[in-house]
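Below, chains carry the letters A, B, ... as their sequence lines are ordered, and counting in each starts from 1.
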Amino acid sequence: MYRTTSGEEIFIIDGHVHFWDASPANQRNIHGKQFIDCFFAYHNALSPKEQHWPKAKFEKYDAATMVRDLFIDGPVDVAIIQPTYLKDFYTNGFNTTGQNAVIAKQHPERFILNGAFDPRDGELALDYIHYLKETFNIQGVKLYTAEWKGASKGWKLNDADAYRCFELCDKLGIRNIHIHKGPTITPLNKDAFDVSDVDYAATDFQNLNFIVEHVGLPRLDDFCWIAVQESNVYGGLAVAMPFIHARPRYFAEVLGELLFWLGPDKLLFASDYAIWTPRWLVEKFLAFELPDDIKKERGVELTLETKKKILGLNAAKLYGLNIEAKKKALAKAPLKAAAD
Amino acid sequence: MSDRSPHRQEARRAEVYARLATVTDPELDEPLTELGFVEDVTLGSDRTVAIGFRLPTYWCAANFAFLMADDMRRAVSTLPWVKSVRPELRDHMYADEVNRGVTQGLDFGAAFGDLASDEPLDALRAKFWRKSFERRQEVVLAALLAQSIEPARIVTLTIGGLESMQLSSPDWARAKARYVARRHELSDGGAYQAAAFVDADGRPLATNELAARMTALRGVRLNMEFNSALCRGLLAARYQEGPPAGEPTLADFMPGGALAPR
């Protein structure tokens with residue numbers, strides 16, 4: 001919970017966090033090392049200096065650190081924990097649903113645990129979705145369409161196999177489909193940022209919500225165009241958020257476009273923890289104002305009401321979270337400052 | 001002076017750097033030398049040139065890396081004394097494939113086989129040329145509008161007219177020179193009487209299209225800047241340096257300059 005200087009309470013949902021293990025002991029090969037090195041460079045490149053972590057901590061942090069950064073020192077009330085398997089790079093995976101479940105189970109009121117699947121697994125993907133629902137009662141998934149697998153050079157949300165998975169998600173009540181549209185490793189020269197497949201899937205699965213992570217950057221215009229057409233397409237602000245510090249004018253321009261095209265009800269705050277920590281992002285965002293020229297040109301405002309929607313109310317709606325009930329539940333399960 | 005005399009060597013290294021300064025990163029549209037991508041240039045005894053370069057991450061798109069390596073090879077090969085050029089990408093997942101492919105003059109598909117999908121390198125090159133043209137145009141249009149120049153006058157400016165125009169800040173002047181360079185490429189040079197502001201297919205803009213054009217160009221820039229800001233930050237973080245201090249300039253290679261042999 002964040003309290004403004006005037007005493008107003010702002011409920012915060014962090015839409016994208018990870019509990020990863022990229023320690024040298026878990027690195028399967030050079031790619032595992034280089035992958036976390038790249039994340040570490042993102043962390044250093046866009047965080048304020050005083051927020052920089054030592055490398056060893058960044059490679060592997062414990063549950064107590066994460067709980068403190070999000071909920072004790074940080075203002076987050078509830079965090080959506082997203083998996084990234086990467087079993088080719090890490091012996092036990094980078095952060096699988098099973099790994100994430102360890103911390104989520106310790107703090108069931110605090111975490112929403114999401115799963116993942118690959119439609120190219122065919123029947124096995126359907127089995128796995130059943131398993132995730134039965135074991136973890138997931139309400140959402142995080143998908144990577146650009147990943148290579150054997151002879152396949154990625155997949156599309158409107159592939160027949162993917163549609164079978166979405167039909168099952170719909171049936172089981174897994175309504176929130178987060179899609180990573182952003183930098184990828186392989187394929188080497190495919191346009192992995194292409195967001196056009198979202199258009200088909202969103203039209204055909206009106207019961208599902210499609211949250212495009214990184215708001216489609218660097219395909220912001222394509223993403224905005226699709227999100228305007230489809231009422232069930234949302235933008236996740238992971239990776240866009242830290243620009244608020246490193247490049248505030250750029251952040252303002254992007255936010256101006258998003259507010260102009262999508263409006264205030266379709267955007268979700270996210271830190272992408274542990275690449276960035278939520279406290280400074282939330283503080284800077286609440287203090288942030290759009291420059292006059294952008295407000296005037298785009299006819300948009302970044303009011304406190306809009307900020308509250310982006311910081312929590314929009315995600316609460318997608319995940320069916322009753323904020324008043326959640327506040328009471330959280331009050332009954334206080335976190336110890338020294339969780340370790 | 002013999003080929004191996006120190007002064008000759010340094011003069012040639014300067015020529016190589018000058019050629020490399022004409023090669024831009026496709027996504028960032030900045031010279032590789034200014035981005036700090038070029039680490040070193042080594043002249044071989046047999047008039048070969050090796051260019052060591054690095055990128056912001058181990059994962060940077062292999063086709064972009066290949067494109068840059070190939071552009072460097074082409075640019076340096078135009079020097080009359082150069083027999084062969086060997087770009088040497090370092091610390092990259094596909095360094096071996098890129099280095100071998102470019103040195104052997106393979107095209108991207110042949111160098112990568114099954115790892116590559118179907119977009120030919122020339123199509124990619126054309127796509128990035130267009131983005132660069134549009135991004136540079138937006139900066140100049142914005143500068144002219146900020147100087148309160150009327151849209152009706154902007155659309156009637158010729159290339160020559162734009163070139164002789166005084167802009168009030170050095171940044172704008174640099175942006176103008178960068179745009180004009182691209183504009184000349186579009187008309188194969190020489191056409192000073194042609195309209196300064198055209199779309200990437202060469203069609204002149206009308207007064208009433210200017211506002212919509214600016215909106216479209218802003219979209220191009222916002223996308224490119226996302227990559228640009230990330231890449232610069234990643235490079236600095238990876239190699240723990242501040243922003244690149246700039247590569248040696250010609251003056252550094254002149255006898256008595258900072259880098260001249262002692």
When B/Glu185, B/Lys127, B/Arg182 are each screened for side chain to side chain donor-acceptor pair (under 3.5 Å) with B/Ser132, the one that passes is B/Arg182

Main-chain N/O of [Y] paired to [X] side chain as donor or acceptor, under 3.5 Å:
{"X": "B/Arg183", "Y": "B/Ala195", "result": "yes"}
{"X": "B/Tyr94", "Y": "B/Phe66", "result": "no"}
{"X": "A/Asp272", "Y": "A/Ile275", "result": "no"}
{"X": "A/His180", "Y": "A/Leu143", "result": "no"}
{"X": "A/Ser271", "Y": "A/Tyr273", "result": "yes"}
{"X": "B/Arg130", "Y": "B/Asp201", "result": "no"}

Pair count under 4.5 Å, heavy atoms only, with chain A: among B/Leu222, B/Thr57, B/Thr215, B/Val220, highest is B/Leu222

- Check the surroundings of atom CH2 in A/Trp280: do more than 12 heavy atoms from other residues, nucleotides or ligands lie under 6.0 Å from it? yes

Among residues 20-34 of chain A, those lying within the under-4.5 Å heavy-atom range of chain B are A/Ile30, A/His31, A/Gln34

Among residues 291-301 of chain A, residues within the sub-4.5 Å heavy-atom range of chain B, in order of number, are A/Glu297, A/Arg298

Looking only at A/Cys224, A/Ala240, A/Ala41, most heavy-atom pairs under 4.5 Å shared with chain B are made by A/Ala41

In this structure, CD1 of A/Ile179 is separated from CG of A/Leu157 (nearest 0.5 Å) by 5.0 Å

From the list A/His18, A/His43, A/His52, ring-ring contact (aromatic ring centres under 6.0 Å, His included) with A/Phe58 holds only for A/His43

Short side-chain donor-acceptor distance under 3.5 Å, A/Thr145 and A/Lys181:
yes

Okay, A/Leu220 and chain B: the region with an atom under 4.5 Å from a heavy atom over there is both

